[in-house]
Amino acid sequence: MGSPDLDSLRKMLDDINQQLLVLISKRAEIVQEIGREKQKQGIPRFDPVRESVMLEELVSRNEGPFDDATVRYLFKEIFKASLDLQQKEQKKHLLVTRKRKSEDTVIRIKGIEIGGEKSTIIAGPCTIESYEQMRQVAATLKSLGVTVLRGGAFKSRTSPYDFQGLGLEGLQILQRIAQEFDMITMSEIMSVSDMEIASQYIDIIEIGAKNMQNFSLLKAAGNYQIPVLLKRGMSATLEELLLSAEYIVNCGNNQVILMERGIRTYEKWTRNTLDISAVPILKKESHLPVLVDVSHSTGRKDIVIPCAKAALAAGADGLMVEVHPDPSIALSDAQQQLDFAQFTEFLNEVKRSGLFRQ
Ligand code: PEP
Ligand code: MN
């Protein structure tokens, strides 16, 4: 029997390529099917043990001409491609995405809306220091038409030697002030064990940047029917932020507000780098409201106005800014908090810009 000519060898190769393509496509479909089944059962998609069993089985049957390492390499690539496909499919189905829900989520709290037609301002001191301090802030904000009051009771301080906040007493002050001035309140919670008590005192739970990936806290917040403001971690990608939001929504609480608060870069002239591009991207990818914290992102008072305008121009649903009766004696973030005159100017300028939806 003479050897086949080059053309027929090539034809055989083309046929095998096509058969391989049909087979790996079929394999990918089965992997997708398994992924959907695993998702239904709440089992993780990637199973390294199963992958290694499959590889060893293949290697044990290997009769060459490829050596075992090459067989492992080739199949690992096929496994990885199928897994990537599953990942893409799962991303498409995240509850927080526009692909899943096209219309904007509007959070309604005691007659106000966040993410609706009007822009929102959340203002107040970094830390709740006393009843008197909060009363002064609330009276000023209310007289200026600002109704969402923030203040930290459980403070996420970098140093353990810095003031850690008044804890429960702080939440009690906030609640009393809110009742006196008919305001909506927000405060940061750092621990799962504080969720229950906090939900009785405040209207919006803040999960701070340093806790964006505290998955137990995210799940706990997801188990309450209370609005949650989720801040972007200082080195978190937007995908990671959305996945953290997904933890909350997936547990049954769809009242989540996303907040860009600056990320850590090499730049030293601002406390963090305000990632303006995060705003249109988050608005495009997700139906959740997006707010921008102009205080922690910049760490300075002199540029909050242009940064606030930029945030609104980029499509933010609102802003957060720190306000203190006398920032020079504030127990935290003294350098970035606005005094009442500065806040009044801030508000006037932001409104005058025409970018603030009133
Ligand atoms: C805060 O908002 O009080 C705060 C601590 O901010 P961040 O989590 O963004 O650092
Ligand atoms: Mn602060």
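Note that ligands are numbered from 1 as they come in the structure, with each ligand's atoms numbered from 1 the same way. This is a predicted model, so every value here is computed, not measured.
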*Intermediate values then yes/no, salt bridge (Lys or Arg N to Asp or Glu O under 4.0 Å), Lys110 and Asp182*: CA-CA 10 Å; Lys110 296 182 179 165; Asp182 189 22; over 6 Å; no
Top protein contact for [atom], by heavy-atom distance:
atom	result
atom 3 (O) of ligand 1	Arg150 NH2, 2.8 Å
atom 1 (C) of ligand 1	Glu206 OE2, 3.2 Å
atom 10 (O) of ligand 1	Arg261 NH2, 2.8 Å
atom 7 (P) of ligand 1	Lys231 NZ, 3.4 Å

*asked:* Within the supplied structure, the quantity of interest is the number of heavy atoms (other residues, nucleotides, ligands) at a distance under 6.0 Å from Glu239 CD; does it exceed 12?
replied: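 Count not over threshold, so no.
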Answer with yes or no whether [X] contacts ligand 1, where contact means a heavy atom under 4.0 Å from a ligand atom.
X	answer
Ser156	yes
Met234	no
Met259	no

Is the shortest distance from a Lys or Arg side-chain nitrogen in [X] or [Y] to a carboxylate oxygen in the other one below 4.0 Å?
X	Y	answer
Lys283	Asp317	yes
Glu103	Arg98	no
Lys80	Asp84	yes
Asp67	Arg72	no
Glu33	Arg36	yes

Heavy-atom contacts with [X] under 4.0 Å: which atoms of ligand 1 show up? List them by number with element.
X	value
Lys210	10 (O)
Lys155	3 (O)
Met320	2 (O)
Gly208	8 (O)
Glu188	5 (C)

*Does one hydrophobic cluster hold both Leu347 and Phe340, with members joined at side-chain heavy-atom distances below 4.5 Å?*
yes
Restricting to N, O or S, what is the name of the atom of [X] that lies nearest the Mn ion (ligand 2)?
X	result
Asp333	OD2
Glu322	OE2
His296	NE2

*Measure from NZ or CZ of Arg176 to the centre of the six-membered ring of Tyr131 and say whether it is under 6.0 Å with the direction within 45° of the ring axis.*
yes
*Hey, is ligand 1 close enough to Ala209 that some N/O pair sits below 3.5 Å?*
yes
*Polar side chain donor-acceptor pair, Gln336 to Asp333, under 3.5 angstrom*: yes
